[in-house]
Amino acid sequence: MMVRAVWGLAMLLAGANASAQGLPAAPTIKARSEQTAGIHGQRLAYTAEVGLIPVASTPGRQDATGGYISYSRTGPADRPVLFVFNGGPGAASAYLQMGALGPFRAQVPQNPAAPLPAVADVAANPDTLLDVADLVFLDPPGTGFSTLAADADTAFYRSVQGDADAVAQTARAWLAAHGRTRAPLYILGESYGTIRAAAMVDALREQDPVLALRGVLLLGQALNMIETSQRPDNVVTYPVALPTLAAIACYHHVRPAPCTPQDSAREASAYAETYLAALFRGQALDAAGRTAVAARLEALTGIPRAFYLAHDLRISKERFRVELLRTQGKVLGRYDARYTAPRAPDAGDTVGPDAFSAVSDLYGKAVTGQLTRIGVTDAAAYRVIVRGGDDWRYGSGDSPFNDWPFMARLERAMAATPGLRLFVGTGLYDLATTVGAADYLFAQSTLDSGRYHSARYPAGHVAYSDDASWRLLMRDLRAFLTTGAAH
């Protein structure tokens, strides 16, 4: 009750602040067209629209724009709206639009060992969610067609708080312009976008407390950044990563015993508590105990026990990329370890370019054709990725004591909003945001299990690049939006 009371007071104060800011800015429409889509046996008409919305770093100072590409249908005011964005920081929403959710989808090769085309074929998406929700793909300031003024407060826009605030302003303006301010709202973020989604829950509440937020969906969650970034001396991070390492070792036939990747991950999860206890003991662990742990880790991950004995019973995710297939002259992809790249004989322990990046690039290229299809005349000017991010501010200062508890934001919001639910999807072969990190997120959470659903997909960070995983993902997202729980 105390949490709800404090939250309620905060929302009243936020409402006063939102009123002081005035109504959301009106969008500038770059292109709009009427189109149709075949979805689950139905032919549905929808409006495709590309626009820009002024956003402000402080009330009255509009020093940037946020962008959107939306697909909406005529219908009741309470038709759900799903806001979607990728991460980076510095990425536009092209990947989720062209890889999974939009009315058209890029077709990428399904064999991770196959050569990639220069451009992907694009076809109508028969499983777009447009039949159950309007889709609004949001581009943060500086990405897509959105801009930052020459005198923009870049410190604001290059921070978790400011970035989320700007994207929330964009979303709120879209709702106002399309008469949807009372619609049930859902937010879907991928990778860094999962942090943005958590912060955006607060930002939307602050800007308009009566918005009907119903669900938050996270793909490749990074809310527990300490585990995903794997601080070297944080012993928790190694057992958390172990299920992913075991699944990957099985996939590449490096494990010494017959296995399946899914069972390997479960086996590693079961061993994680024992592994953590051994790491916690450190130098107090006797030689026999160290040898036993190293042997078990070798059996799970395919990395020789001698390596573990020489490295304090641990291997980082990045070093694993180098070591697993070292004798084959290959390095694993970070974002999808099914993909490999050749290593130079003199590369040493360096990792090199990510083997999966070329797949992501196919989605980025495909969005240009989609923008042209909508009617945009300068589609080539759309910025899919804006490099940089080293100066991104995740919290108040940089300190070894920071924990950046982004999950706590959602827990507070969900405690104050009984109908708010959470979905998390993770790729089994993702070495950036691992399945173990998602499990650990919920193990440490105060959320009731009935309020969230966590799903695993047999793919990587961009789970929808794998068609089988994409179909499972779309089934789960559709269920979350329509029935209140994923299958």
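Side-chain contact check for Ser57 and Asp63: at least one donor-acceptor pair (N or O, by modelled atom type) lies under 3.5 Å. For the 3.5 Å distance criterion, the side chains of Arg172 and Gln169 fail to qualify, holding no donor opposite an acceptor. The closest side-chain donor-acceptor pair between Gln230 and Asn234, if any, does not fall under 3.5 angstrom. Side chains of Ser72 and Glu49: no donor on one and acceptor on the other come within 3.5 Å. Looking only at atom types and distance, the side chain of Tyr363 has no donor-acceptor partner in the side chain of Gln97 under 3.5 Å away.
By the 4.5 Å heavy-atom criterion applied to side chains, Tyr192 and Met225 are not counted as neighbours. Contact annotation: the side chain of Leu213 never approaches that of Thr417 to less than 4.5 Å [non-hydrogen atoms, C-beta and beyond]. Here the side chains of Leu175 and Leu211 are in contact, with some heavy-atom distance below 4.5 Å. Counting heavy atoms from C-beta on, the side chains of Asp163 and Trp392 come closer than 4.5 Å. Thr143 places none of its side-chain heavy atoms less than 4.5 Å from the side chain of Asn86. Between Leu138 and Tyr68 there is a side-chain heavy-atom pair separated by less than 4.5 Å. Using a 4.5 Å heavy-atom threshold, the side chains of Arg158 and Asp391 count as touching. Within the 4.5 Å cutoff, side-chain heavy atoms of His40 are placed close to those of Asp127.
Annotation for Leu148 and Tyr157: closest pair CD2-CD1, 3.6 Å, computed over non-hydrogen atoms. In this structure, Arg180 and Asp78 approach most closely via the heavy-atom pair NH2-C, 4.3 Å. Across Val384 and Gly364, no two heavy atoms sit closer than the pair CG2-O, 3.5 Å. Between Thr368 and Ala380 the shortest heavy-atom distance is CG2-N, 4.2 Å. Across all non-hydrogen atoms, the minimal contact from Val81 to Ala183 is CG2-CB, 4.0 Å. For Val160 against Ala199, the heavy-atom pair with the smallest separation is CG1-CB, 3.8 Å.
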**Request:** With side-chain contact (heavy atoms from CB on, under 4.5 Å) as the test, would you mind laying out the steps for Met407 and Leu447 before giving the verdict?
**Result:** CA-CA 10 Å; Met407 182 62 170; Leu447 294 180; 3.5 Å; yes

**Request:** In sequence, state the C-alpha distance, the side-chain angles, and the governing distance for Ile385 and Tyr95, and then conclude on side-chain contact (heavy atoms from CB on, under 4.5 Å).
**Result:** CA-CA 10 Å; Ile385 190 76; Tyr95 307 102; 4.1 Å; yes

**Request:** Might you work through the side-chain contact (heavy atoms from CB on, under 4.5 Å) test for Thr170 and Phe83, ending with a clear yes or no?
**Result:** CA-CA 10 Å; Thr170 307; Phe83 290 108; over 6 Å; no

**Request:** Go through Met200 and Phe85 one step at a time and tell me if the side-chain contact (heavy atoms from CB on, under 4.5 Å) criterion holds.
**Result:** CA-CA 11 Å; Met200 187 177 166; Phe85 39 75; 3.5 Å; yes

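In this structure, Leu223 CG and Tyr440 OH are separated by 14.0 Å, a value rounded to the nearest 0.5 Å. Put simply, CG on Leu116 and CG on Asp361 are 9.5 Å apart, with the number rounded to the nearest 0.5 Å. From His252, atom NE2 reaches atom CG of Leu332 across 5.0 Å, with rounding to the nearest 0.5 Å. The structure places CZ of Phe104 at 9.5 Å from CD1 of Ile374, a figure rounded to the nearest 0.5 Å. For the atom pair CG of Leu185 and CG of Asp134, the computed distance is 11.0 Å after rounding to the nearest 0.5 Å. In this structure, the separation between CG on Asp131 and CZ on Arg79 is 7.5 Å, given to the nearest 0.5 Å.
Under the ring-ring contact (aromatic ring centres under 6.0 Å, His included) criterion, Tyr382 pairs with Phe145, sequence neighbours left out.
Enclosure of atom OH in Tyr335 is not indicated, since only 12 or fewer non-hydrogen atoms of other residues, nucleotides or ligands lie within 6.0 angstrom.
The backbone N or O of Gly142 sits less than 3.5 Å from a side-chain atom of Arg383, completing a donor-acceptor pair. With Arg421 contributing its side chain and Arg451 its backbone, the two residues share no donor-acceptor pair below 3.5 Å. Although no hydrogens or angles enter the test, the distance criterion places a donor-acceptor pair under 3.5 Å between the side chain of Arg478 and the main chain of Thr128. Checking side-chain atoms of Lys317 against main-chain N and O of Ala432 turns up a donor-acceptor pair under 3.5 Å. Formation of a donor-acceptor pair under 3.5 Å by the Ser159 side chain with backbone atoms of Arg393 is not found in this model. For the pair Gln62 (side chain) and Ile53 (backbone), a donor-acceptor distance under 3.5 Å is absent. For the pair Asp466 (side chain) and Ser469 (backbone), a donor-acceptor distance under 3.5 Å is present. Although no hydrogens or angles enter the test, the distance criterion places no donor-acceptor pair under 3.5 Å between the side chain of Thr433 and the main chain of Ala222. When atom types are taken as modelled, the side chain of Gln110 and the backbone of Asp467 share a donor-acceptor pair closer than 3.5 angstrom. Asp336 places no side-chain N or O within 3.5 Å of a backbone atom of Val462 that could act as its donor or acceptor partner.
Screening Glu190, Arg105, Arg471 against Tyr464 for a side-chain hydrogen bond (donor to acceptor under 3.5 Å, both in side chains) leaves a single residue, Glu190. Shown are Val84, Leu96, Thr426; of these, the side chain to side chain contact (heavy atoms under 4.5 Å, CB included) with Leu219 is made only by Leu96. Put simply, the residue from Glu34, Gln35, Arg73 that forms a side-chain hydrogen bond (donor to acceptor under 3.5 Å, both in side chains) with Thr47 is Glu34. Here the rule is ring pair (Phe, Tyr, Trp, His ring centres under 6.0 Å) with Tyr452, and of Phe480, Phe442, Phe423 only Phe442 fits it.
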